[in-house]
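Read through the structure below, which is laid out as structure tokens, and then see the notes.
Counting convention: from 1, in listed order, for ligands and their atoms alike. Keep in mind that what you see is a predicted model, and the values were worked out from it rather than measured.
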Amino acid sequence: MASRDLSSEVSRAILDRIRKARRVSVLTGAGVSAESGIPTFRGAGGIWEKYDFNKLATPHGFMENPELAWDWYQLRQREMMKAQPNEAHLVIAEMEDHFPSFAVLTQNIDGFHRRAGSRNIVELHGNIWRMRCVRDGTIVELDSPVEHIPPLCQCGSIMRPDVVWFGEPLPSEAIEAASTVARESDVMFVVGTSAIVYPAAALPALTKSAGGLVVEVNVEPTPVTAYAALTLFGPAGEVLPAFWTLVR
Ligand code: BV8
């Protein structure tokens with residue numbers, strides 16, 4: 001793909017700050033996986049247009065109808081299994097070796113950052129390739145989509161996806177680690193998130209209020225756009241490779 005020329009959109013001052021940065025983080029949302037063919041939640045064709053999140057992404061929805069929720073997670077596992085990380089994931093993985101300190105803070109549960117080679121990843125909303133017993137908390141790692149719905153624990157209780165649903169707290173170690181990273185980041189890239197789901201959406205503001213630089217990549221404005229030092233509009237799989245060519 002012909003890479004886009006961003007040189008007129010990125011000031012020398014911002015480029016210099018990024019080149020000198022020692023601690024860098026990237027907050028990602030569903031938009032970073034859009035070019036891998038994974039539907040986003042909001043915006044045109046988004047998941048929530050077709051599915052009722054109350055039934056599928058809340059604890060009470062799951063307990064009311066675990067089969068329905070598992071049908072949806074199994075469908076997503078099959079989609080993710082067939083899909084590949086895209087250029088955006090690969091550039092983010094390349095960035096990790098370039099900066100002295102680097103972390104990926106992801107809201108995504110698809111595991112694509114790890115498949116693309118990223119190592120220091122904070123999974124804010126869990127991972128679709130892990131499931132957990134609702135009774136005793138037993139964790140089972142998956143390397144392929146579940147076959148039997150609902151999957152059962154050895155104790156006989158049902159297993160749930162090991163993800164964070166609406167109304168559930170994020171894993172304390174994840175949100176604490178992510179908040180520390182955000183406060184200490186010289187630069188935070190915010191890629192492919194609508195920035196409306198909290199507490200993840202509060203992370204870029206932590207970087208900003210601590211004096212760090214926030215650089216956003218999205219196809220449309222979000223609440224972060226108002227305070228980002230720079231927003232590059234365009235698909236992450238096109239913008240990030242072009243941006244990285246300028247920086248490195
Ligand atoms: C909690 C499950 C409390 C996993 C998901 C204030 C403070 C705290 C909480 C709240 C609060 N206000 C409201 C709340 C409650 C709620 C919330 O934030 N609601 C929102 C909707 C207002 N938050 C919660 O419930 C959280 N829990 O706070 O608990 C608590 C504390 C103690 C004790 C008890 C309770 C839990 C939130 C997690 C919910 N889980 N999913 C799964 O199945 O995936 S949410 C879901 O949204 C995903 O996790 C997703 O990652 C997340 C965020 O969405 P995005 O990733 O941003 O995706 P989206 O589709 O929205 O946007 C895509 C973006 O990409 C768009 O901007 C688009 O323009 C862009 N894009 C598209 N294509 C491209 C692109 N960009 C670049 N390139 C492209 N090609």
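- Under the 4.0 Å distance rule, the nearest protein heavy atom to atom 37 (C) of ligand 1 falls inside the cut-off.
- Ring orientation note: the planes of Trp72 and Phe41 are nearly perpendicular, at an angle over 60° on the 30°/60° scale.
- The closest heavy-atom contact to atom 27 (N) of ligand 1, among the options Glu35, His125, Glu168, comes from Glu168.
- In this structure, atom 77 (C) of ligand 1 lies nearest to the protein heavy atom Ala236 N, 3.6 Å.
- Atoms of ligand 1 lying under 4.0 Å from at least one heavy atom of Arg76, given by number and element, are 42 (C), 43 (O), 44 (O).
- Ligand-side atoms of ligand 1 in range of Ala30: 55 (P), 56 (O), 58 (O), range being under 4.0 angstrom from any heavy atom.
- Close approach to Thr193 involves these atoms of ligand 1, each under 4.0 Å from a residue heavy atom: 55 (P), 57 (O), 64 (C), 65 (O), 67 (O).
- Side chain of Asp162 to backbone of Arg132: no donor-acceptor contact under 3.5 angstrom is found.
- Polar contact with ligand 1: absent for Pro199 (N/O pair, distance under 3.5 Å).
- For atom 51 (O) of ligand 1, the nearest protein heavy atom lies closer than 4.0 Å.
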Would you be so kind as to tabulate the donor-acceptor pairs closer than 3.5 Å made by side chains of residues 189-206, with sequence neighbours excluded?
residue: Thr193; atom: OG1; partner: Gln107; partner atom: NE2; Å: 2.8
residue: Thr193; atom: OG1; partner: Ala195; partner atom: N; Å: 3.2

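- Residue Glu220 has at least one heavy-atom neighbour below 4.0 Å for each of these atoms of ligand 1: 69 (O).
- With atom 4 (C) of ligand 1 as the reference point, the heavy atom nearest to it among Asn108, Thr58, Val164 is part of Val164.
- Distances between N or O atoms of Tyr198 and those of ligand 1 include at least one value under 3.5 Å.
- Protein heavy atoms all stay at least 4.0 Å away from atom 13 (C) of ligand 1.
- Heavy atoms of Val197 found under 4.0 angstrom from ligand 1 belong to the backbone as well as the side chain.
- Checking Gly45, Ala202, Gly167 against atom 34 (C) of ligand 1, the nearest heavy atom belongs to Gly167.
- Taking every non-hydrogen atom of Ile196 and a distance limit under 4.0 Å, the qualifying atoms of ligand 1 come out as 18 (O), 20 (C), 22 (C).
- Here is the list of ligand 1 atoms found below 4.0 Å of a heavy atom in Tyr73: 42 (C), 43 (O).
- The distance criterion of under 3.5 Å between nitrogen or oxygen atoms is not met by Val163 with respect to ligand 1.
- Taking CG of Asp52 as the start and CG of Leu68 as the end, the distance is 9.0 Å to the nearest 0.5 Å.
- The aromatic rings of Phe99 and Trp244 sit tilted, their planes meeting at an angle between 30° and 60°.
- Ligand 1 has no nitrogen or oxygen under 3.5 angstrom from a nitrogen or oxygen of Ala34.
- Transitive grouping of hydrophobic side chains (ILVMFWY, heavy atoms separated by less than 4.5 Å) brings Phe62 and Phe166 into a common cluster.
- For ligand 1, the atoms closer than 4.0 angstrom to any heavy atom of Pro235 are 78 (N), 79 (C), 80 (N).
- Of all the heavy atoms of Arg42, the ones lying under 4.0 Å from any atom of ligand 1 are found in both the backbone and the side chain.
- Atom CZ of Arg19 has more than 12 neighbouring heavy atoms from other residues, nucleotides or ligands inside a 6.0 Å radius.
- Those atoms of ligand 1 with a heavy atom of Trp165 less than 4.0 angstrom away are 36 (C), 39 (C).
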